[in-house]
Engineer: 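Attaching a single structure in structure tokens format; questions to follow.
If you're wondering where the values come from, they're calculated on a predicted model, not measured in any experiment.
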Amino acid sequence: MSEHPINTQRLWNSLMEMGEIGATDAGGCCRLALTELDRQGRDLFVRWCLDAGCDIRIDRIGNIYARRPGTDPDALPISTGSHLDTQPTGGKFDGIYGCLAGLEVIRALNDEAIQTRRPVEVVIWTNEEGSRFAPAMVASGVYSGKFSLDYALNQTDAQGIRLGDALQAIGYDGDLEVGACTFGKFFELHIEQGPVLEREKEDIGVVTGVLGMRWYDVTVKGVCAHAGPTPMSYRRDALGATARMISALIEMAADRAEEDGRCTIGELDIPKGSRNVIPGDLNFTLDLRNASLDGLEAMEQHARSLIDRIATDAGVEVTLECIWDSPPTVFDAACVDAVEQAVASSGCSYRRMTSGAGHDAVNISAVAPTSMIFVPSVGGISHNESEYSTPEQIGRGARILYEVMKNEAQNA
């Protein structure tokens, strides 16, 4: 595939130019959803798509649909895409790569003067990260019917700004009904965000599905007391109990490694912490993941049992609230096979794999045949300013996406 229509340098240049919008001193990006910087990124993407001859439509949650027409006006499009928003200390590739690789597919089709039967389309999903407005993937969730439009528009950020107001402020509150643009098939190209492909020395990940995941808010209530006069045996130490809980939870997930069992405590807060006070109140977050619904259920039950037992032993009270539940996703077999066939024909090495991270493709798979393509992340690092994939890796993934989309767009 040395002489391929995909222009890797052009794609790389587009990634680097987009990366200048919200660039951080450490080489990453901070382009939070529906900020002025997000508007600038959207404007640049739309301009590039118009230059490539695409029709642009924007729906009421701000999703952008850039379509290259096909010869059959009644045919459903072959679509791809991802997101332009980043984490507060994000990189230049997470999400953005899938958007600009889709644009590069259209540019390459134009260069080759290939007219497809089906339209080819690139979609930008609003607020995938959830770092400004919770929950994550909210706009693709509205598209798929998981969330109502009113629910999404009324979410607020830390300053109390409504998502709907922020959307209007940047001029991307479109009038297209959400869900009006239906897909024939949807393929999302993404960096892996983990270490598996690099460590296994594979070029491409053929993604068969996504781990189920549940997020919990955990509150631990003990009794504040003076650090000096209170003997250890008399304490109701919220932090001491939490430390035991965290250790037990992580050990539980390690025992379920064959199920892709995972446990993460990403946030821990002592609201009234002081150096010489035994913590009485404490909050932490819990993220559980598993490849199967049964496995996820078992992990939750085990976690609740561990937490309750340790709380009783430590004399503290605990509440555990599930705030987000995304079941395990299995992608469409025909879409997965189409990706695998394109990779096999390319001569690239690959492995079938399950994604450990959530993506908009999870929501889209509920309403359209869907699959994903991964390329390696150097060092397995993502959601980090040092996130990186090489130009060769970036170009390789885009070539696979091109072959898949071109073939599917020509099919009856």
Engineer: Assess whether a salt bridge exists between Asp281 and Lys221, defined as any Lys/Arg side-chain N lying under 4.0 Å from an Asp/Glu carboxylate O.
Structural biologist: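 So Asp281 pairs with Lys221 through a salt bridge.
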Engineer: Would you say that Leu282 contacts Asp269 through its side chain, given a criterion of any heavy-atom pair below 4.5 Å between the two side chains?
Structural biologist: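 Contact flag for Leu282/Asp269 side chains = no.
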Engineer: Are any non-hydrogen side-chain atoms of Met18 and Ile21 less than 4.5 angstrom apart?
Structural biologist: yes
Engineer: Mark yes or no for whether Ser377, through its side chain, and Ile191, through its backbone, hold a donor-acceptor pair below 3.5 Å.
Structural biologist: no
Engineer: Return the CZ to CG distance between Arg60 and Leu167, rounded to the nearest 0.5 Å.
Structural biologist: 10.5 Å
Engineer: To the nearest 0.5 Å, how far apart are CG in Leu197 and CD1 in Ile204?
Structural biologist: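 Taking CG in Leu197 and CD1 in Ile204, the distance rounds to 8.0 Å.
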Engineer: Quick one about Tyr65 and Asp59 (side-chain donor to acceptor, distance below 3.5 Å, no hydrogens or angles considered), yes or no?
Structural biologist: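 Note: Asp59 and Tyr65 side chains meet the donor-acceptor criterion.
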Engineer: Return yes if a side-chain donor-acceptor contact under 3.5 Å exists between Thr370 and Asp332, otherwise no.
Structural biologist: no
Engineer: Evaluate the side chain to side chain donor-acceptor pair (under 3.5 Å) criterion for residues Arg118 and Asn411: first the C-alpha distance (whole Å), next the side-chain angles of each, then the deciding distance (0.1 Å), finally the verdict.
Structural biologist: CA-CA 8 Å; Arg118 294 178 178 272; Asn411 287 342; over 6 Å; no
Engineer: Can you check whether Arg262 reaches Leu211 side chain to side chain, under 4.5 Å on heavy atoms?
Structural biologist: yes
Engineer: Which heavy atom in Ala361 sits nearest to a heavy atom in Glu188, and how many Å separate them?
Structural biologist: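 Of all heavy-atom pairs spanning Ala361 and Glu188, the closest is N-OE1, 3.0 Å.
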Engineer: Check the surroundings of atom CD in Glu112: do more than 12 heavy atoms from other residues, nucleotides or ligands lie under 6.0 Å from it?
Structural biologist: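 Atom CD in Glu112 is packed in, count exceeds 12.
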Engineer: How many angstroms lie between CG in Leu109 and CD1 in Ile6, if you round to the nearest 0.5 Å?
Structural biologist: 8.0 Å
Engineer: Evaluate the side-chain proximity of Val218 to Val318: yes if any heavy-atom separation is below 4.5 Å, no if none is.
Structural biologist: yes
Engineer: Without swapping roles, check the side chain of Ser345 against the backbone of Ala342 for a donor-acceptor pair under 3.5 Å.
Structural biologist: no
Engineer: Quick one about Asn13 and Glu17 (side-chain donor to acceptor, distance below 3.5 Å, no hydrogens or angles considered), yes or no?
Structural biologist: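 No - no donor-acceptor pair under 3.5 Å links their side chains.
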Engineer: Evaluate the side chain to side chain contact (heavy atoms under 4.5 Å, CB included) criterion for residues Cys181 and Leu176: first the C-alpha distance (whole Å), next the side-chain angles of each, then the deciding distance (0.1 Å), finally the verdict.
Structural biologist: CA-CA 9 Å; Cys181 291; Leu176 183 71; 3.5 Å; yes
Engineer: Are a donor atom and an acceptor atom from the side chains of Arg162 and Asn154 found within less than 3.5 Å of each other?
Structural biologist: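 On atom types as modelled, these side chains qualify, holding a pair under 3.5 Å.
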Engineer: With no hydrogens and no angle check, do the side chains of Thr285 and Glu267 hold a donor and an acceptor under 3.5 Å apart?
Structural biologist: no
Engineer: With distance as the sole criterion, is a donor-acceptor pair present between the side chains of Thr71 and Gln115 under 3.5 Å?
Structural biologist: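 Thr71 vs Gln115: no donor-acceptor pair found between side chains.
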Engineer: Using the ring-ring contact (aromatic ring centres under 6.0 Å, His included) rule, take Trp324 and Tyr216 through it: C-alpha gap first, then chi angles, then the decisive distance, then the call.
Structural biologist: CA-CA 7 Å; Trp324 187 50; Tyr216 308 85; over 10 Å; no
Engineer: Under a 4.5 Å cut-off applied to non-hydrogen side-chain atoms, are Val142 and Lys146 in contact?
Structural biologist: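 Not in contact.
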Engineer: Do the non-hydrogen side-chain atoms of Asn384 and Thr89 ever get within less than 4.5 Å of each other?
Structural biologist: no
Engineer: Please lay out, stage by stage, how Gln40 and Asp43 fare under the test side chain to side chain contact (heavy atoms under 4.5 Å, CB included).
Structural biologist: CA-CA 5 Å; Gln40 292 176 30; Asp43 286 353; 5.7 Å; no
Engineer: Just by distance, no angles: are the side chains of Glu387 and Ser382 close enough, under 3.5 Å, to form a donor-acceptor pair?
Structural biologist: yes
Engineer: Within 45° of the six-membered ring axis of Tyr172 and under 6.0 Å from that ring's centre, is NZ or CZ of Arg42 located there?
Structural biologist: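 Yes, Arg42 lies over the aromatic ring of Tyr172.
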Engineer: What heavy-atom pair brings Ser389 and Pro376 nearest, and what distance separates the two atoms?
Structural biologist: OG-O, 2.7 Å
Engineer: With a 6.0 Å cut-off on ring centres, are Tyr97 and His83 close enough?
Structural biologist: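 Distance test on ring centres: not under 6.0 Å, no.
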Engineer: Considering non-hydrogen atoms only, spot the tightest contact between Glu202 and Arg351 and give its length.
Structural biologist: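 Nearest heavy atoms, Glu202 then Arg351: CG-CD, 4.0 Å.
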Engineer: Once rounded to the nearest 0.5 Å, what's the spacing between atom CH2 of Trp125 and atom CD1 of Ile61?
Structural biologist: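 Interatomic distance, Trp125 CH2 to Ile61 CD1, rounded to 0.5 Å: 11.5 Å.
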Engineer: Could you tell me the separation between the CZ atom of Arg399 and the CD1 atom of Ile373, rounded to the nearest 0.5 Å?
Structural biologist: 12.5 Å
Engineer: Donor-acceptor pair, Ser274 side chain versus Val277 backbone, under 3.5 Å?
Structural biologist: no
Engineer: Would you say the side-chain atoms of Ser14 and Arg107 include a donor-acceptor pair closer than 3.5 Å?
Structural biologist: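 Distance-only check passes for Ser14 and Arg107.
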Engineer: Would you say the side-chain atoms of Arg289 pair up with the backbone N or O of Gly356, donor to acceptor, closer than 3.5 Å?
Structural biologist: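 Yes, Arg289 side chain to Gly356 backbone: donor-acceptor pair under 3.5 Å.
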Engineer: Using atom types as modelled and distance alone, determine if a side-chain donor or acceptor of Thr86 lies under 3.5 Å from a backbone N or O of Gly90.
Structural biologist: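 No: the side chain of Thr86 does not pair with the backbone of Gly90.
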Engineer: Could you label the plane-to-plane angle of the Phe183 and Tyr143 rings as parallel, tilted or perpendicular, counting under 30° as parallel and over 60° as perpendicular?
Structural biologist: parallel
Engineer: Looking at Asn63 and Ala139, what are the two nearest heavy atoms and their distance?
Structural biologist: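 Heavy atoms only, the tightest pair is OD1-CB, 3.3 Å.
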Engineer: Quick check on side chain to side chain contact (heavy atoms under 4.5 Å, CB included): which of Val138, Asp38, Leu34 does Asn127 satisfy it with?
Structural biologist: Val138
Engineer: Hey, are the side chains of Glu403 and Ser346 touching, using non-hydrogen atoms and a 4.5 Å cut-off?
Structural biologist: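 No, too far: nothing below the 4.5 Å cut-off.
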Engineer: Above 12 or not: heavy atoms from other molecules or residues under 6.0 Å from CD of Glu36?
Structural biologist: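 Result for CD/Glu36: enclosed.
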Engineer: Sub-3.5 Å donor-acceptor pair from the side chain of Arg132 to the main-chain atoms of Ala33, do we have one?
Structural biologist: yes
Engineer: Check the side chains of Asp94 and Gln193 for a donor-acceptor pair under 3.5 angstrom, ignoring hydrogens and angles.
Structural biologist: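 Checked: Gln193/Asp94 side chains pair up, N/O donor to acceptor below 3.5 Å.
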Engineer: Using a 3.5 Å distance criterion without hydrogens, assess whether the side chain of Ser365 forms a donor-acceptor pair with backbone atoms of Thr329.
Structural biologist: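 No.
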Engineer: Quick one: does Arg39's side chain get under 4.5 Å of Arg31's, heavy atoms only?
Structural biologist: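 A side-chain contact under 4.5 Å is absent here.
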Engineer: Report yes or no: do Thr264 and Asp287 form a side-chain donor-acceptor pair below 3.5 Å?
Structural biologist: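 No.
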Engineer: Determine yes or no for a side-chain-to-main-chain donor-acceptor pair under 3.5 angstrom, with Glu192 supplying the side chain and Val196 the backbone.
Structural biologist: yes
Engineer: Can you classify the ring geometry of Phe93 versus Tyr388 as parallel (below 30°), tilted (30 to 60°) or perpendicular (above 60°)?
Structural biologist: perpendicular
Engineer: Does the side chain to side chain contact (heavy atoms under 4.5 Å, CB included) test come out yes or no for Trp215 and Cys322, once each step is laid out?
Structural biologist: CA-CA 6 Å; Trp215 288 358; Cys322 182; over 6 Å; no
Engineer: Considering residues at least two apart in sequence or located in another chain, which fulfil the ring pair (Phe, Tyr, Trp, His ring centres under 6.0 Å) criterion with Tyr402?
Structural biologist: His4
Engineer: Shortest non-hydrogen contact from Gln155 to Ala134?
Structural biologist: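 So the two residues come closest at OE1-O, 3.1 Å.
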Engineer: Using atom types as modelled and distance alone, determine if a side-chain donor or acceptor of Arg57 lies under 3.5 Å from a backbone N or O of Ile64.
Structural biologist: no
Engineer: Does the side chain to side chain contact (heavy atoms under 4.5 Å, CB included) test come out yes or no for Leu288 and Met252, once each step is laid out?
Structural biologist: CA-CA 11 Å; Leu288 297 179; Met252 172 196 71; 4.1 Å; yes
Engineer: State whether the side chain of Thr116 and the backbone N or O of Pro119 hold a donor-acceptor pair below 3.5 Å, judged by distance alone.
Structural biologist: no
Engineer: Has Arg199 got more than 12 heavy atoms of other residues, nucleotides or ligands less than 6.0 Å from its CZ?
Structural biologist: no
Engineer: Taking all non-hydrogen atoms of both residues into account, name the closest pair between Ser386 and Ile381 and its distance.
Structural biologist: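 It is OG-CG2, 3.7 Å.
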Engineer: Taking atom CD of Gln301 and atom CG of Leu296, what is their separation to the nearest 0.5 Å?
Structural biologist: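 Answer rounded to 0.5 Å: 10.5 Å.
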